[in-house]
Trainee: 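Sharing a structure below in structure tokens format, with a few things to ask.
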Amino acid sequence: MSDKEKSERYRQGMETRRSVLGDAWVDGAEARKTAFDEPFQDLITEAAWGHVWSRSEWTGRERSMVTIALLAALGQDEELALHVRATANTGANAEDLREAMLHVAIYAGVPAANHAIKIVKQTLAEMEGSKA
């Protein structure tokens, strides 16, 4: 489907996706897209980014913290690291992430939080290194 045929929700989703994840990440994901996963990519751009992340009721910082807590609780390590990196664009900081991990420990379990904390710490350290 050409960009002209995409819905307004898709276009809003792509704008939000780029603002959160950055152009480089989205451009890379778009370049790796194939005919096989294009419907899935369209779905997440329209539904997750266009419908959920684009809503005005929460800030990007708030959505970021909730997303990170959910990904940590579910053990989605790669997505967790991706969204930790995205905090550079959402306004969530290390203290916010620490608080989210404490919630994960209580509501999803200490092992899930312990594992996620390792990923968060490693990703934050990588981000600090890239600023130098």
Side-chain angles (χ1 to χ4, degrees):
M1 185 181 306
S2 73
D3 281 347
K4 285 185 176 183
E5 298 172 313
K6 305 283 184 180
S7 71
E8 180 57 33
R9 178 85 67 196
Y10 176 91
R11 286 189 285 281
Q12 176 61 56
M14 186 57 78
E15 182 180 320
T16 300
R17 185 179 177 197
R18 286 182 178 283
S19 75
V20 172
L21 300 179
D23 287 332
W25 174 264
V26 175
D27 289 345
E30 288 293 298
R32 290 185 300 275
K33 183 170 61 178
T34 66
F36 179 79
D37 69 335
E38 183 173 12
F40 174 75
Q41 292 296 321
D42 288 350
L43 172 71
I44 62 172
T45 299
E46 191 169 298
W49 295 106
H51 185 70
V52 176
W53 271 86
S54 295
R55 294 174 59 84
S56 62
E57 286 77 8
W58 280 359
T59 65
R61 176 180 163 265
E62 291 166 323
R63 289 192 192 285
S64 192
M65 290 185 297
V66 169
T67 300
I68 286 166
L70 288 166
L71 292 169
L74 293 169
Q76 298 299 313
D77 300 354
E78 289 179 29
E79 290 284 322
L80 173 59
L82 169 66
H83 279 274
V84 170
R85 287 190 295 274
T87 61
N89 300 322
T90 66
N93 59 35
E95 291 78 20
D96 293 329
L97 299 179
R98 180 184 59 228
E99 293 303 314
M101 293 304 100
L102 290 171
H103 268 66
V104 170
I106 295 303
Y107 291 100
V110 170
N114 188 44
H115 181 70
I117 286 168
K118 291 175 190 172
I119 293 166
V120 170
K121 286 172 54 177
Q122 178 182 358
T123 306
L124 290 174
E126 290 168 1
M127 291 169 66
E128 278 298 312
S130 68
K131 290 180 185 176

Trainee: How far apart are the C-alpha atoms of Leu70 and Gln76, what are their side-chain angles, what is the distance that settles it, and do they pass the side chain to side chain contact (heavy atoms under 4.5 Å, CB included) test?
Mentor: CA-CA 9 Å; Leu70 288 166; Gln76 298 299 313; over 6 Å; no

Trainee: Find out if a path of hydrophobic residues (ILVMFWY) with successive side-chain heavy-atom gaps under 4.5 Å connects Ile117 to Met127.
Mentor: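 Yes; tracing contacts between hydrophobic side chains, which count when under 4.5 Å, links both residues.
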
Trainee: Which residue pairs pass the salt bridge (charged side-chain N to carboxylate O under 4.0 Å, His left out) test when at least one of the two sits in residues 87-96, sequence neighbours left out?
Mentor: Arg61-Asp96

Trainee: Roughly how far, to the nearest 0.5 Å, is CD of Glu62 from CD of Glu57?
Mentor: 10.5 Å

Trainee: Under the 4.5 Å side-chain heavy-atom rule for ILVMFWY, direct or indirect, which residues accompany Ile44?
Mentor: Phe40

Trainee: Can you tell me how far CG of Leu43 sits from NE2 of His51, rounded to the nearest 0.5 angstrom?
Mentor: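 The distance works out to 12.0 Å.
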
Trainee: If I take atom CG from residue Leu124 and atom CZ from residue Arg85, how far apart are they, to the nearest 0.5 angstrom?
Mentor: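 One finds 11.0 Å between CG of Leu124 and CZ of Arg85.
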
Trainee: Val52: which residues meet the side chain to side chain contact (heavy atoms under 4.5 Å, CB included) condition with it, sequence neighbours left out?
Mentor: Arg63

Trainee: Counting distance only, does the side-chain N/O of Ser54 pair as donor-acceptor with the main-chain N or O of Trp49 below 3.5 Å?
Mentor: yes

Trainee: Within the supplied structure, the quantity of interest is the number of heavy atoms (other residues, nucleotides, ligands) at a distance under 6.0 Å from Glu78 CD; does it exceed 12?
Mentor: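 No, CD of Glu78 has 12 or fewer neighbouring heavy atoms, counting only those of other groups under 6.0 Å.
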
Trainee: For the side chain to side chain contact (heavy atoms under 4.5 Å, CB included) test, which of Ile68, Asn93, Val20 pairs with Thr87?
Mentor: Ile68

Trainee: Given side chain to side chain contact (heavy atoms under 4.5 Å, CB included), test Ile119 with Val84 step by step and report yes or no.
Mentor: CA-CA 9 Å; Ile119 293 166; Val84 170; 5.8 Å; no

Trainee: Enumerate the side chain to side chain donor-acceptor pair (under 3.5 Å) contacts for residues 103-121, please, sequence neighbours excluded, ordered by first and then second residue.
Mentor: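 The answer is Asp77-His115.
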
Trainee: Would you mind telling me which of Arg18, Arg32, Lys33 makes a salt bridge (charged side-chain N to carboxylate O under 4.0 Å, His left out) with Asp27?
Mentor: Arg18

Trainee: Under a 4.5 Å cut-off applied to non-hydrogen side-chain atoms, are Leu82 and Glu79 in contact?
Mentor: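 Yes, their side chains come closer than 4.5 Å.
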
Trainee: Nearest 0.5 Å, please: how far is CG in Leu21 from CG in Asn89?
Mentor: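 Atom-to-atom, Asn89:CG and Leu21:CG are 8.0 Å apart.
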
Trainee: What are the two closest heavy atoms between Leu80 and Ala116, and how far apart are they?
Mentor: CD2-CB, 3.8 Å

Trainee: Any chance you could measure Trp58, atom CH2, to Thr67, atom OG1, to the nearest 0.5 Å?
Mentor: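 Between atom CH2 of Trp58 and atom OG1 of Thr67 there are 8.0 Å.
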
Trainee: Determine, stepwise, if the pair Asp42 / Lys6 fulfils salt bridge (charged side-chain N to carboxylate O under 4.0 Å, His left out).
Mentor: CA-CA 9 Å; Asp42 288 350; Lys6 305 283 184 180; 2.9 Å; yes

Trainee: Assess the side chains of Thr45 and Gln41: does a donor N or O sit below 3.5 Å from an acceptor N or O?
Mentor: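 Checked: Thr45/Gln41 side chains show no N/O donor-acceptor pair below 3.5 Å.
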
Trainee: Identify, with sequence neighbours excluded, every residue that meets salt bridge (Lys or Arg N to Asp or Glu O under 4.0 Å) alongside Arg17.
Mentor: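 Salt bridge (Lys or Arg N to Asp or Glu O under 4.0 Å) check on Arg17 returns Glu30.
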
Trainee: Among all residues two or more places apart in sequence or in another chain, which pass the side chain to side chain contact (heavy atoms under 4.5 Å, CB included) test with Glu99?
Mentor: Leu102

Trainee: If you compare all heavy atoms of Ala72 against all heavy atoms of Val104, which two are closest, and at what distance to 0.1 Å?
Mentor: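 That closest heavy-atom pairing would be CB-CG2, 4.0 Å.
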
Trainee: Can you find a side-chain donor-acceptor pair between Glu8 and Gln12 that sits under 3.5 Å?
Mentor: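 Per modelled atom types, Glu8 and Gln12 side chains form no pair under 3.5 Å.
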
Trainee: Rounded to the nearest 0.5 Å, what's the gap from CE on Met101 to CE on Met65? Could you check?
Mentor: 11.0 Å

